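Comments concern the structure below.
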Amino acid sequence: MIRTFLRHASARAAFLLLALLPVRAWADSCPEDCSEPAPPVNIYSHTGAGHLSPATLGALPRVYVPNRSSNSVTVIDTMTLKEVDSFSVGSKPQHVVPSWDLKTLWVANNGTGKNGSLTPIDPMTGKPGPQIAVDDPYNLYFMPDGSAAIVVDEALERLDFRDPHTMALKSSLPTPTCAGINHADFSVDGSYAIFTCEYGNGGLAKIDLKNQKVLGHLDFSKMGMPQDIRLSPDGKVFYVADMMNDGVFLVDGDSFKEIGFIPTGIGAHGFVVSRNGKRLYVSNRGSHKMEQGKAKGPGSVTVIDFATRAVVAQWPIPGGGSPDMGNISADGRQLWLSGRFDSAAYMIDTISGAVTKFRVGAEPHGLTVWPQPGRYSQGHTGNMR
């Protein structure tokens with residue numbers, strides 16, 4: 001009996017010893033941290049070709065061009081490449097903005113301050129709905145979680161947080177240190193946004209979104225006129241187009257410090273990210289003027305590689321032009337931009353840089369292409385995530 005017990009006890013001990021050996025060997029191979037490295041961040045991973053949301057199913061393939069001085073929107077069919085509609089909206093339409101839930105396109109008519117409005121467009125029909133009175137909506141963004149719309153009151157120097165569907169006012173945040181508050185983009189975790197300050201000394205304002213307060217102001221090394229802003233795919237660097245410095249400032253968002261500058265072209269103005277998230281298209285408006293710039297100017301598009309931060313292509317507008325704001329087709333093959341001082345819209349082949357021109361209304365601005373891939377829109381002409 002005793003002999004049997006010892007025999008079983010010895011077998012059990014040998015089993016335990018064998019079971020422990022690989023554990024110890026594994027532990028000895030990584031004594032500090034055996035966790036797998038986190039996958040690299042790519043904030044544009046859901047905006048590639050083919051990643052259309054079910055919410056966009058049935059949306060007409062269209063380009064919507066807001067004509068600031070015509071108080072109208074021109075509609076172009078991206079399949080036939082023909083104008084299919086034009087309709088009146090409010091005073092001074094600036095941008096056509098996809099809603100967070102991708103179900104509405106909002107035309108931001110900033111008027112002259114108190115006579116501003118938002119015009120909803122149904123992307124399933126391409127038709128506008130009744131206007132909603134809103135103070136000075138120069139631009140429109142959405143909280144990363146979709147809880148509120150953020151109306152950028154450029155002339156009134158404040159941000160209005162509104163219901164994302166009814167646009168009823170919820171709260172306001174004055175931004176007195178950011179003259180001409182303008183365009184924005186959001187941190188990876190959605191905790192803060194950085195807005196460009198177009199007037200005064202230029203620079204940027206950093207906004208705490210949760211507590212709705214201004215965290216600070218950044219002045220660039222060269223006084224200028226910041227326009228569009230866009231976050232790098234890895235979520236570390238904000239690219240800022242500066243119209244007076246003819247290039248792009250690089251800013252570390254967390255430390256809120258300027259870390260570099262990339263020359264692009266005269267009047268660097270707008271940004272569009274390629275469908276594969278590897279390149280940034282920079283529209284250079286060809287002029288330092290805000291309004292009434294010369295037609296057929298030296299406008300161009302600069303292509304920047306995100307990985308190297310190097311310019312990899314330069315596409316001039318044949319015969320001159322003034323590329324402003326826009327976006328890219330769902331398949332990534334067509335870059336659409338408004339021609340601000342040329343009453344035109346440009347379709348640029350993203351492989352060859354070849355340009356096709358379309359006649360639209362007077363002083364076209366922030367056009368959008370719809371539908372676009374992505375889970376939700378953070379605003380502007382389609383800052384998708």
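The structure displayed is predicted, hence computed values, not measured ones. Side-chain atoms are counted along with the backbone in the values below, which use heavy atoms only and exclude waters and symmetry mates.
- In this model, no donor atom of one side chain and acceptor atom of the other lie less than 3.5 Å apart for Glu157 and Thr175.
- By the neighbour-count criterion of 12 heavy atoms within 6.0 Å, atom NZ of Lys294 is sparsely surrounded, having that number or fewer from other residues, nucleotides or ligands.
- With rounding to the nearest 0.5 angstrom, the CE atom of Met225 is 6.5 Å from the OH atom of Tyr199.
- Put simply, the residue from Tyr64, Phe358, Tyr281, Trp370 that forms a ring pair (Phe, Tyr, Trp, His ring centres under 6.0 Å) with Trp336 is Phe358.
- The side chain to side chain donor-acceptor pair (under 3.5 Å) pairs that include a residue from residues 80-89 are Asp85-Lys127, where partners are two or more places apart or lie in different chains.
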Would you check, one step at a time, whether the test side-chain contact (heavy atoms from CB on, under 4.5 Å) holds for Leu159 with Ile181? CA-CA 9 Å; Leu159 300 175; Ile181 190 165; 3.7 Å; yes
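- No hydrogens or angles considered: a donor-acceptor pair under 3.5 Å links the side chains of Asp185 and Asn383.
- Side-chain contact, Gln372 with Thr47: no donor N or O sits under 3.5 Å from an acceptor N or O.
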Could you go through Arg62 and Asp77, starting from their C-alpha distance and side-chain angles, then the distance that decides it, and tell me whether this counts as salt bridge (Lys or Arg N to Asp or Glu O under 4.0 Å)? CA-CA 5 Å; Arg62 299 287 188 265; Asp77 186 319; 3.0 Å; yes
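- Within the 4.5 Å cutoff, the side chain of Trp100 has no heavy atoms near those of the Tyr141 side chain.
- Asp136 has its side chain within reach of Glu154: a pair of non-hydrogen atoms, C-beta onward, lies under 4.5 Å apart.
- The closest side-chain donor-acceptor pair between Asp228 and Tyr239, if any, does not fall under 3.5 angstrom.
- Taking CG from Asp208 and OH from Tyr192, the interatomic distance works out to 11.5 Å, rounded to the nearest 0.5 Å.
- For Tyr376 and His46, the distance between ring centers is not under 6.0 angstrom.
- Here the closest non-hydrogen pair linking Val134 and Met167 is CG2-CB, 4.5 Å.
- To the nearest 0.5 Å, the span separating CZ on Phe186 from CD1 on Ile43 amounts to 11.5 Å.
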What pairs of donor and acceptor atoms, side-chain ones from residues 318-326 against any protein atom, are under 3.5 angstrom apart with sequence neighbours left out?
| unit_1 | atom_1 | unit_2 | atom_2 | d |
| --- | --- | --- | --- | --- |
| Ser322 | OG | Arg340 | N | 3.1 |
| Ser322 | OG | Phe341 | N | 2.7 |
| Ser322 | OG | Asp342 | OD1 | 2.6 |
| Asp324 | OD1 | His269 | NE2 | 3.3 |
| Asp324 | OD2 | Arg285 | NH1 | 2.6 |
| Asp324 | OD2 | Arg340 | NH1 | 3.2 |

Tell me, with the steps shown, if Lys278 and Phe306 meet side-chain contact (heavy atoms from CB on, under 4.5 Å). CA-CA 6 Å; Lys278 294 182 178 181; Phe306 273 123; 5.7 Å; no
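- Side chains of Thr302 and Trp315 form no contact here, defined as non-hydrogen atoms less than 4.5 Å apart.
- Side-chain atoms of Ser172 and Asp160 form a donor-acceptor pair, as typed in the model, at a separation below 3.5 Å.
- Counting only heavy atoms from C-beta outward, the side chains of Leu118 and Gln131 never approach each other to under 4.5 Å.
- Checking Asn109 against Ser117 by side-chain atom types alone, a donor-acceptor pair falls below 3.5 Å.
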Report the C-alpha distance between Val282 and Ile304 in whole Å, list the side-chain angles of each, state the deciding distance to 0.1 Å, and finish with yes or no for side-chain contact (heavy atoms from CB on, under 4.5 Å). CA-CA 8 Å; Val282 185; Ile304 295 175; 3.8 Å; yes
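- Checked against side chain to side chain contact (heavy atoms under 4.5 Å, CB included), Ser70 has the following partners two or more places apart in sequence or in another chain: Asn67, Ser72, Ala362.
- Rounded to the nearest 0.5 angstrom, Arg375 CZ and Ser53 OG are separated by 10.5 Å.
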Verdict with supporting geometry, Phe249 and Lys222, side-chain contact (heavy atoms from CB on, under 4.5 Å): CA-CA 10 Å; Phe249 285 103; Lys222 295 180 287 186; 4.3 Å; yes
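- At least one side-chain heavy atom of Ile121 sits under 4.5 Å from a side-chain heavy atom of Val107.
- Two residues are said to be in side-chain contact when any heavy atoms from C-beta on lie closer than 4.5 Å; Thr350 and Arg279 fail this criterion.
- Between the side chains of Gln334 and Ser329, no donor-acceptor pair is found at a separation under 3.5 Å.
- For the atom pair Leu140 CG and Ser99 OG, the distance stands at 9.0 Å (nearest 0.5 Å).
- Looking at Ile150 and Met143, their side chains come closer than 4.5 Å, going by heavy atoms from C-beta outward.
- Summarising the local packing, NZ of Lys236 is surrounded by 12 or fewer heavy atoms from other residues, nucleotides or ligands at distances under 6.0 Å.
- Contact annotation: the side chain of Val251 approaches that of Leu204 to within less than 4.5 Å [non-hydrogen atoms, C-beta and beyond].
- How far OG of Ser343 is from CD of Glu363: 8.5 Å, rounded to the nearest 0.5 Å.
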